[in-house]
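Scroll down for the structure; my scribbles are underneath it.
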Amino acid sequence: RNKEGINLIVNEINKAIVLGLISCQRVAEILDEKGYTVENKNARDIVFKRGGIVFNKVTFGYLPGKPVIKDLSFSIEPDKHICLVAPSGLGKTTLLNLIVMLYVPWQGEVLIDGVRIQDVRLRSLKGQIGMALQEPFLFNDTVRNNILYGKEGAEEQEIIEAARFSLAHDFIKDLPDTYGAVIGENACKLSEGQKQKIAIARALIKKPKILILDEAMSSMDSVSEKKILKNIKDNLGEVTLITVSHRLSTVMAAELVYFLKSQGQIAVGSYEELLHKDKEFSDYTIIYNTLQKD
């Protein structure tokens with residue numbers, strides 16, 4: 001029995017060693033991986049005046065020979081609130097990734113205020129685009145430092161102002177140390193909706209020219225979402241606002257809906273216009289609404 005026990009222990013040790021070596025190899029591969037985007041040596045700092053976006057015959061995919069979007073062209077006027085809608089897997093996230101230049105198109109170009117984004121320094125580009133996601137990453141740090149991550153060196157008043165606009169101030173003021181409260185690993189001391197409000201405050205503090213909210217209010221009630229959108233419109237000045245949401249009220253609240261129908265086709269119009277003139281959108285909305293009721 002002792003011999004069997006020793007053999008079992010040795011086998012477990014060997015298994016742990018093999019798994020450890022595999023993990024180390026995978027870590028090494030990740031560290032050696034080249035970045036998806038390399039800054040153009042001629043790139044320069046650009047201050048966007050308006051925040052208009054143009055996709056000009058863009059083709060891109062993640063695997064060679066398998067484009068997610070193909071020869072796609074459309075424009076987003078500055079200072080507009082648009083909602084990006086598409087069936088799952090058709091390329092909504094891909095479009096957002098291209099705007100923030102996580103990837104570079106295979107063909108065609110993405111322009112902001114008429115400037116090709118590859119010609120803008122990454123730091124300059126990302127300093128003028130705010131983005132909040134459905135599942136934000138927050139640090140095991142204070143509320144203050146998590147919001148400050150959006151704009152290093154911001155004044156205390158800027159932090160509070162951004163938190164007020166995102167409705168985060170409503171619960172932060174009741175925390176034991178308010179803005180000095182440590183939120184725990186993966187923000188375990190906060191609810192999902194509170195996490196999203198802090199992430200939105202982080203995006204707002206830089207007062208971006210382009211603001212992307214990708215399911216960023218999915219864990220909030222519709223009243224809170226409406227208030228945040230109103231705060232953004234009333235207080236951020238001219239900002240191009242792109243929302244992605246599975247909440248029908250959010251789609252209806254946008255000035256324009258961008259319905260991605262296929263790799264290279266996007267329908268644009270108000271919610272009511274698309275509902276009446278585009279059967280695909282109408283059918284999609286019926287399914288959309290049914291799922292929400294369920």
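Just so you know, residue 1 is the first one in the sequence shown, and it goes up from there.
When all heavy atoms are compared, the tightest approach of Gln265 to Leu72 is N-CD1, 3.7 Å. Taking each heavy atom of Tyr258 and Leu256 in turn, the nearest pair found is CE1-CB, 4.0 Å. Taking all atoms of both residues into account, the shortest heavy-atom contact from Leu275 to Phe281 is N-CD2, 3.7 Å. The two residues Thr178 and Val143 make their nearest non-hydrogen contact at O-CG2, 4.2 Å.
A salt bridge links Glu255 with Lys233: the closest approach of a Lys/Arg side-chain nitrogen to an acidic carboxylate oxygen falls below 4.0 angstrom. Salt-bridge formation is detected for the pair Glu225/Arg247: a Lys NZ or Arg NE/NH1/NH2 atom is positioned less than 4.0 Å from an Asp or Glu carboxylate oxygen. Electrostatic pairing of Lys261 and Asp278 counts as a salt bridge here, judged by a charged N lying under 4.0 Å from a carboxylate O.
Hydrophobic clustering (side-chain heavy atoms under 4.5 Å, transitive across Ile, Leu, Val, Met, Phe, Trp, Tyr) keeps Val239 apart from Val115. Hydrophobic cluster membership is shared by Ile82 and Leu90, with clusters built from Ile, Leu, Val, Met, Phe, Trp and Tyr side chains linked at under 4.5 angstrom. Leu175 and Ile198 fall within a single hydrophobic cluster, where Ile, Leu, Val, Met, Phe, Trp and Tyr side chains are chained together by heavy-atom contacts under 4.5 Å. No continuous path of hydrophobic side-chain contacts links Ile53 to Leu111 [ILVMFWY only; heavy atoms under 4.5 Å]. Both Val120 and Val110 are members of a single hydrophobic cluster when ILVMFWY side chains are connected at heavy-atom separations under 4.5 Å.
Dense packing is recorded around NZ of Lys277, with more than 12 heavy atoms of other residues, nucleotides or ligands lying under 6.0 Å away. For Glu156, the CD atom counts as densely surrounded, since its 6.0 Å shell holds more than 12 non-hydrogen atoms of other residues, nucleotides or ligands. The environment of NZ in Lys92 is crowded: more than 12 heavy-atom neighbours from other residues, nucleotides or ligands sit within 6.0 Å. Heavy-atom neighbours of Tyr149 OH from other residues, nucleotides or ligands within 6.0 Å: at or below the threshold of 12.
With sequence neighbours left out, the salt bridge (charged side-chain N to carboxylate O under 4.0 Å, His left out) criterion links Lys57 to no other residue. With sequence neighbours excluded, the residues that form a side-chain contact (heavy atoms from CB on, under 4.5 Å) with Ala154 are Leu148, Lys151, Glu158, Ile205.
Between Phe137 and Phe139, the ring planes lie perpendicular to each other; the angle is over 60°, past the 30° to 60° tilted range.
Side-chain contact, Ser224 with Asp221: a donor N or O sits under 3.5 Å from an acceptor N or O. Judged by distance alone, the side chains of Thr285 and Tyr271 never bring a donor and an acceptor atom under 3.5 Å apart. With hydrogens and angles left out, the side-chain atoms of His169 and Tyr179 include a donor and acceptor closer than 3.5 Å.
Side chain of Thr59 to backbone of Asp71: a donor-acceptor contact under 3.5 angstrom is found. In this structure, the side chain of Ser166 engages the main chain of Lys197 through a donor-acceptor pair within 3.5 Å. Judged purely by atom type and a 3.5 angstrom limit, Asp113 uses its side chain to pair as donor or acceptor with the backbone of Gly51.
In this structure, CD on Gln128 lies 11.5 Å from OG1 on Thr240, to the nearest 0.5 angstrom. In this structure, CD in Glu280 is found 11.0 Å from CG in Leu274, a value given to the nearest 0.5 Å. Summarising the geometry, atom NZ belonging to Lys195 is positioned 7.5 Å from atom CG belonging to Leu190; distances are rounded to the nearest 0.5 Å. Within the model, atoms CD of Gln196 and CD1 of Ile228 stand 8.5 Å from one another, a figure rounded to the nearest 0.5 Å. Considering CG of Leu84 and CG of Leu96, their distance stands at 6.0 Å, rounded to 0.5 Å. Here Asp141 contributes atom CG and Ile183 contributes atom CD1; the two are 8.0 Å apart, rounded to the nearest 0.5 Å.
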Could you walk me through whether Asp45 and Arg121 pass the salt bridge (charged side-chain N to carboxylate O under 4.0 Å, His left out) check?
CA-CA 6 Å; Asp45 291 327; Arg121 284 189 180 140; 3.3 Å; yes
